[in-house]
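Quick notes on the structure that follows.
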Amino acid sequence: MQVPICTFDAKNAVLCPKCESKLEAGQLTQNDVDASMKLAKLAKTIPEIEKFSMHSCRQIGLNHVMYLSRQDIDAIRKSRTLYRAISGEFSGKVWLVESEASDRKFIEDLFFPARLLSINAVWAPGGLQKTKVIVSGKKTSGFPIDTEQVAKIVKEIRQLDIVIDFEEKK
């Protein structure tokens, strides 16, 4: 398992002086440390997690955005029990995004499993650039994604203003 802190530290839930100094210097965040320890705890009972590579974890409100490798995200998405186990360790919703993702891929990961028709940059009056996302289908009360939270996460992490629209209106 690869995590931002030493694997030994993650498994024993104690930071070594090296990781402690990285935390104090701002190279690591407390969320990186907490997420690493939570994944290491889960790896004791779910061996598949031992193969994961978590690069970092950001917290926006009650949302946790985990940066993982593509194959780890695919494994989690194929197994509802694995996703539930990881989500159960965190308060709030866990969002899975690819660590080396472009802005477009980042937005697509946040909208999973919904299909996006397009992601385009548009210019608003006053010279402001916004990113317009068009989601396939129509927004219903059972739509699985909180679009306001997605917009907040994209604004906080990628500094992009997004406008979310649906192919078909209600």
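At least one side-chain heavy atom of Thr147 sits under 4.5 Å from a side-chain heavy atom of Lys139. Between Pro4 and Met54, some side-chain heavy-atom pair lies under the 4.5 Å cut-off. Here the side chains of Ile86 and Met66 are in contact, with some heavy-atom distance below 4.5 Å. Using a 4.5 Å heavy-atom threshold, the side chains of Asp161 and Lys155 count as touching. Looking at heavy atoms from C-beta onward, Trp95 lies in side-chain contact with Ile145 at the 4.5 angstrom threshold. Proximity of Leu15 to Met37: side-chain heavy atoms (C-beta onward) are separated by under 4.5 Å at one or more points. When side chains are defined from C-beta on, Ile76 counts as touching Leu96, because their heavy atoms get closer than 4.5 Å.
In terms of hydrophobic clustering, with Ile, Leu, Val, Met, Phe, Trp and Tyr side chains grouped at heavy-atom distances under 4.5 Å, Leu39 and Val97 are assigned to different clusters. Linking ILVMFWY residues whenever their side-chain heavy atoms come closer than 4.5 Å, directly or via other members, leaves Val33 and Val65 in distinct clusters. Grouping the Ile, Leu, Val, Met, Phe, Trp and Tyr side chains by contacts below 4.5 angstrom, directly or via other members, places Ile73 apart from Val154. The same ILVMFWY cluster, assembled from side-chain heavy atoms under 4.5 Å apart, contains both Leu82 and Val94. Linking ILVMFWY side-chain heavy atoms closer than 4.5 Å, directly or via other members, places Tyr83 and Tyr67 in two distinct hydrophobic clusters.
Checked by atom type and distance alone, the side chain of Lys38 pairs as donor or acceptor with a backbone atom of Glu89 at under 3.5 Å. A donor-acceptor contact shorter than 3.5 Å is absent between the side chain of Asp32 and the backbone of Ser56.
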Name every donor-acceptor pair, under 3.5 Å, that has one atom in a side chain of residues 107-116 and the other anywhere in the protein, sequence neighbours excluded.
unit_1	atom_1	unit_2	atom_2	d
Asp109	OD1	Arg70	NH2	3.0
Asp109	OD1	Lys105	NZ	3.2
Asp109	OD2	Arg70	NH2	3.4
Asp109	OD2	Glu98	N	2.9

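Applying the side chain to side chain donor-acceptor pair (under 3.5 Å) test between Asn63 and each of Arg58, Lys152, Gln149 identifies Gln149 as the sole match.
Environment of CD in Gln30: crowded, with over 12 heavy atoms of neighbouring residues, nucleotides or ligands closer than 6.0 Å.
Between the CD1 atom of Ile46 and the OG atom of Ser79 there is a distance of 8.0 Å, given to the nearest 0.5 Å.
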Query raised in the report: Going through the distances and angles, do Phe106 and Leu160 end up as a side-chain contact (heavy atoms from CB on, under 4.5 Å)?
Result: CA-CA 11 Å; Phe106 181 80; Leu160 294 173; over 6 Å; no
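The aromatic rings of Phe143 and Phe166 sit perpendicular to each other, their planes meeting at more than 60°, with 30° as the lower class boundary.
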